[in-house]
Structure formats: C-alpha cells, structure tokens
Participant: 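There's a structure below that I have some questions on.
All of these numbers come straight from a predicted model, not from anything done at the bench.
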Amino acid sequence: MPRTPSAPVKPSTPAATAPLPRALQSWDALRLFLCVVDQGSLSKACEVLELSQSTLTRQISALEASLGVALFERTPRGMALTAVAQTLVEPVRAMHAQALAVSRLTQGLDDSLQGVVRVSASEMVAMHLLPAMLAVLRQQSPAIDLVLLATDRMSNLVEREADIAVRNIRPTEDGLVARKVAELPVGIYASTGYLASHRAPRGVADLSGHEFVVAFQHLDGFRASLASAGVPADALHIAVTTNSHATAWSLVRAGVGLGFAPVCIGAREPAVQRVMPEAPTPVLPVWLTVHQEVKANARLRRVYDFLAERFAALG
C-alpha cells in the first residue's frame with residue numbers, strides 16, 4: 001500500500017528571533033522607559049520629555065501592565081529599576097539607537113519640500129527673533145509645516161527632539177554639524193520707568209549705584225565683562241537672578257533693574273533704553289545645528305539655509 005505522505009513539519013522559531021512584546025515595539029515606550037532610566041526620577045524625565053507627571057506616570061503604568069511586570073520601584077530618592085528592568089536596559093537602548101539611526105537615514109533621503117520641520121531655540125530667540133523670520137519662511141515655503149520648540153534647555157538632536165537647533169554655544173555631541181551664522185552684539189538696557197527714578201550710568205564707576213537683573217546663564221559672562229572693564233563683580237548689586245533669559249528681559253522692561261539683551265532685540269523695544277553703549281559687553285554667538293545624517297533632507301536644508309541667511313543679517 002502506498003504510504004500516506006506525512007504532514008510537513010513546521011520549523012520552530014528560534015528563541016533569538018522571537019518577537020518582542022508589543023509594548024516594547026513602540027517608539028514612545030522605548031523613549032519613555034529610557035528617559036526615566038537615564039534621569040532617575042519622574043520629575044526630571046518630565047522636564048526632558050515636556051510631559052506632565054500624571055501623563056508620564058500613566059504611560060509608564062500602561063507599559064508595565066502591557067509587559068506584565070514591574071519596571072520601577074517608587075522610592076523617596078527616585079525611580080529604582082527592578083531586576084527585570086535591569087536586564088532590559090541595554091537591549092532596549094541598543095534597539096532605540098538603531099531605530100533612531102534608521103529614522104535619520106530615511107529622513108536624510110527625503111527630497112520633498114513638504115512636511116514638518118522642528119526648530120528648537122531659546123525662549124528669548126523664539127519670542128523675539130524667530131516669529132518675523134518664520135512668517136517670511138511660511139510665505140515662501142507654505143508646504144513646510146513648522147514646529148517651534150521654545151526652551152532654554154538644549155534639545156537633543158541625536159534623540160530627534162528637534163531637527164534644527166538654534167544654539168548660543170557650539171555643540172560637542174558626535175554626529176552633529178554646526179555652523180556659526182552670527183555674533184549678536186549685546187547691550188545694557190533699562191526701562192524708561194527705572195531711568196526716571198535712577199540716574200542713567202555714564203561710566204563703569206556709576207554701575208555700583210544700580211541694580212541688575214541677570215539670567216543664570218549670563219552670570220559668568222557678566223562677571224568677565226565687568227572684570228575687563230576694571231569693575232569687581234562683587235561691587236554690584238544683582239537684585240534678581242532667574243533661570244530664563246526671557247523672564248530676565250521682562251523684569252528689565254518692568255523696571256526692576258539694568259539687564260542685558262542682544263541689541264537687535266533691545267532696539268525694537270520702546271519701553272527700554274540702551275545705557276552706556278560704549279561699555280564692553282559680550283557678544284552672543286548663534287550656531288545652527290543639525291544631525292549630519294539628515295542634513296541632505298530637502299526641507300531641512302531649506303529651513304536651515306533660510307535661518308542662516310536671516311541670522312547673518314542680524315549680526
């Protein structure tokens with residue numbers, strides 16, 4: 001009797017190629033997990049991700065529920081990794097890096113002038129310089145949709161938090177391409193209200209009779225400029241310091257004290273006057289930064305070249 005052919009045997013799937021849980025296939029899940037790991041606390045991760053703590057907590061809880069395991073232990077000192085999470089960190093980090101690399105490569109091959117471009121800049125630049133520039137850019141290239149990220153924290157271009165960054169310091173991260181497009185002169189300003197009750201300083205010797213508003217990031221430059229003019233920094237009264245350049249400028253406009261701003265911004269503000277224009281003050285460099293793997297992207301190149309031209313005109 002003829003043999004009945006046996007049913008084909010389905011090859012078993014090797015454990016090394018078994019699919020990951022669906023939760024770990026999500027770009028956002030990887031990004032959130034790694035950010036909490038790297039920052040060590042929900043609050044710090046929320047600042048980096050620009051999410052509310054309730055939103056991040058909910059998404060981490062959903063990730064843990066999907067995996068069926070706890071990834072973090074909430075402690076008074078922050079988020080501690082569970083044993084399971086510790087075994088996941090490096091494989092997930094490697095996957096995340098590969099996903100970013102693929103995303104940048106495919107973005108770099110895009111020759112379309114249509115789509116989204118995310119620009120990151122400090123609050124001061126985003127509020128006072130970029131609006132007029134982007135209005136012209138939108139008229140010239142209406143198919144490019146813009147996302148403007150106003151933050152004094154440097155956006156991570158490697159992690160694709162932004163496509164183009166307008167920075168005031170030269171980047172040092174591997175894989176980034178930067179071009180200095182301007183050096184903006186900085187002036188000392190006071191509001192007309194402040195000057196109505198305080199005699200305007202005529203020389204560096206007069207500065208000790210005035211109050212100053214300084215952003216944390218400007219303190220070193222402020223002290224160095226004073227030292228170069230022969231004025232000891234401890235001879236001056238810094239009335240208010242703040243972590244925000246935009247807030248410092250608002251305090252100056254409100255009459256709290258003298259403060260610093262790029263001349264191209266101060267000259268447009270009718271409520272303030274520049275004092276001691278001959279005084280030595282630092283210049284503010286402007287660096288345009290993009291990741292080298294996406295610099296050939298047509299719409300990114302369009303925005304990059306446009307901003308470079310506009311900032312060069314300011315300097």
Side-chain angles (χ1 to χ4, degrees), residues 35 39 41-53 55-56 118-134 146-157 159 161-162 164-171 182-194 210-226 233 236-275 281-289 307 311 314:
C35 189
Q39 298 301 318
S41 72
L42 280 175
S43 59
K44 291 181 180 178
C46 287
E47 292 179 11
V48 173
L49 296 166
E50 298 184 348
L51 293 174
S52 67
Q53 189 153 332
T55 297
L56 181 56
R118 294 164 297 172
V119 179
S120 171
S122 69
E123 290 182 347
M124 195 74 167
V125 170
M127 291 174 62
H128 297 281
L129 298 180
L130 283 178
M133 296 182 187
L134 298 186
L146 300 164
V147 176
L148 178 56
L149 306 173
T151 174
D152 287 335
R153 180 183 63 83
M154 289 193 298
S155 296
N156 191 329
L157 300 189
E159 292 284 335
E161 293 178 358
I164 299 171
V166 183
R167 296 183 174 180
N168 300 126
I169 60 174
R170 184 172 189 170
E183 287 190 338
L184 305 180
V186 174
I188 304 175
Y189 289 90
S191 73
T192 53
Y194 178 90
H210 290 272
E211 298 186 333
F212 282 83
V213 176
V214 184
F216 294 150
Q217 300 93 325
H218 275 169
L219 276 175
D220 290 341
F222 174 68
R223 294 188 175 106
S225 296
L226 292 174
L236 301 183
H237 182 212
I238 300 178
V240 180
T241 55
T242 173
N243 65 334
S244 164
H245 294 280
T247 301
W249 184 235
S250 294
L251 290 165
V252 172
R253 292 166 55 201
V256 175
L258 305 180
F260 299 86
V263 173
C264 59
I265 293 176
R268 303 176 186 179
E269 176 55 64
V272 302
Q273 294 180 25
R274 186 177 181 184
V275 299
T281 53
V283 296
L284 190 67
V286 178
W287 293 86
L288 280 187
T289 309
L307 293 178
F311 275 107
L314 292 177

Participant: Check the side chains of T55 and S52 for a donor-acceptor pair under 3.5 angstrom, ignoring hydrogens and angles.
Facilitator: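 S52 vs T55: donor-acceptor pair found between side chains.
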
Participant: Would you call V125 and M133 a side-chain contact if the rule is heavy atoms closer than 4.5 Å?
Facilitator: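 Not touching, per the 4.5 Å side-chain cut-off.
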
Participant: Has the side chain of E269 got a donor or acceptor atom that lies under 3.5 Å from a matching backbone atom of A271?
Facilitator: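 Yes, E269 side chain to A271 backbone: donor-acceptor pair under 3.5 Å.
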
Participant: Which heavy atom in V252 sits nearest to a heavy atom in G259, and how many Å separate them?
Facilitator: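 It is CG2-CA, 3.5 Å.
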
Participant: Could you give the distance from CD (E47) to OG1 (T151), rounded to the nearest 0.5 Å?
Facilitator: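 Rounded to the nearest 0.5 Å, the CD-OG1 separation comes to 10.0 Å.
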
Participant: side-chain contact (heavy atoms from CB on, under 4.5 Å), that's the test. Do L134 and L307 meet it? Break it down for me.
Facilitator: CA-CA 9 Å; L134 298 186; L307 293 178; 4.3 Å; yes

Participant: Taking all non-hydrogen atoms of both residues into account, name the closest pair between F311 and L129 and its distance.
Facilitator: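 Nearest heavy atoms, F311 then L129: CE2-CD1, 4.1 Å.
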
Participant: Which heavy-atom pair separates L284 from P262 by the least distance, and what is that distance?
Facilitator: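 Here L284 and P262 meet closest at CD2-CG, 3.9 Å.
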
Participant: If you round to the nearest 0.5 Å, how far is CG of L49 from SG of C35?
Facilitator: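 Spacing of SG (C35) from CG (L49) equals 3.5 Å.
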
Participant: Identify the heavy atoms of W287 and I169 that sit nearest to each other, and give their distance.
Facilitator: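 Minimum heavy-atom separation between W287 and I169: CD1-C, 3.5 Å.
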
Participant: If you look at every heavy atom in E161 and R153, which pair is closest and at what distance?
Facilitator: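 Between these two residues, the closest heavy atoms are OE1-NH1, 3.2 Å.
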
Participant: Any chance you could lay out the side-chain contact (heavy atoms from CB on, under 4.5 Å) test for L288 and V166, step after step, and finish with the verdict?
Facilitator: CA-CA 5 Å; L288 280 187; V166 183; 3.7 Å; yes

Participant: Under 3.5 Å, is there a donor-acceptor pair between the side chain of Y194 and the main chain of A254?
Facilitator: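 Checking the backbone N and O of A254 against the side chain of Y194, no donor-acceptor pair under 3.5 Å is found.
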
Participant: Got a second to check how far M127's CE is from I265's CD1, nearest 0.5 Å?
Facilitator: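 Going from CE on M127 over to CD1 on I265, the span is 9.5 Å.
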
Participant: If you look at every heavy atom in L184 and C264, which pair is closest and at what distance?
Facilitator: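 Shortest heavy-atom separation between L184 and C264 comes out as CD1-SG, 4.2 Å.
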
Participant: Is a donor on one side and an acceptor on the other found under 3.5 Å between the side chain of R268 and the backbone of H128?
Facilitator: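 Yes.
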
Participant: Is there a donor-acceptor pair under 3.5 Å between the side chain of T247 and the backbone N or O of N243?
Facilitator: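 It does not hold such a pair.
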
Participant: Would you check if V263 and V186 make a side-chain contact, meaning some heavy-atom pair closer than 4.5 Å?
Facilitator: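 When only atoms from C-beta onward are counted, V186 and V263 do not touch, as no gap falls below 4.5 Å.
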
Participant: Rounded to the nearest 0.5 Å, how far apart are OG of S120 and CG of L148?
Facilitator: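 Between S120 OG and L148 CG, I get 8.0 Å after rounding to 0.5 Å.
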
Participant: Could you measure the distance from the NE2 atom of H210 to the CD1 atom of I188? Nearest 0.5 Å is fine.
Facilitator: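 Answer rounded to 0.5 Å: 10.5 Å.
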
Participant: Step through the shown structure and confirm whether more than 12 heavy atoms of other residues, nucleotides or ligands are within 6.0 Å of CZ on R170.
Facilitator: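 For R170, atom CZ is not crowded (no more than 12 foreign heavy atoms under 6.0 Å).
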
Participant: Using the six-membered ring wherever Trp is involved, compare the ring planes of F260 and F212 and label them parallel, tilted or perpendicular (cut-offs 30° and 60°).
Facilitator: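 It falls in the parallel class, under 30°.
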
Participant: Distance check, rounded to the nearest 0.5 Å: D152 atom CG versus H245 atom NE2?
Facilitator: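 Going from CG on D152 over to NE2 on H245, the span is 5.0 Å.
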
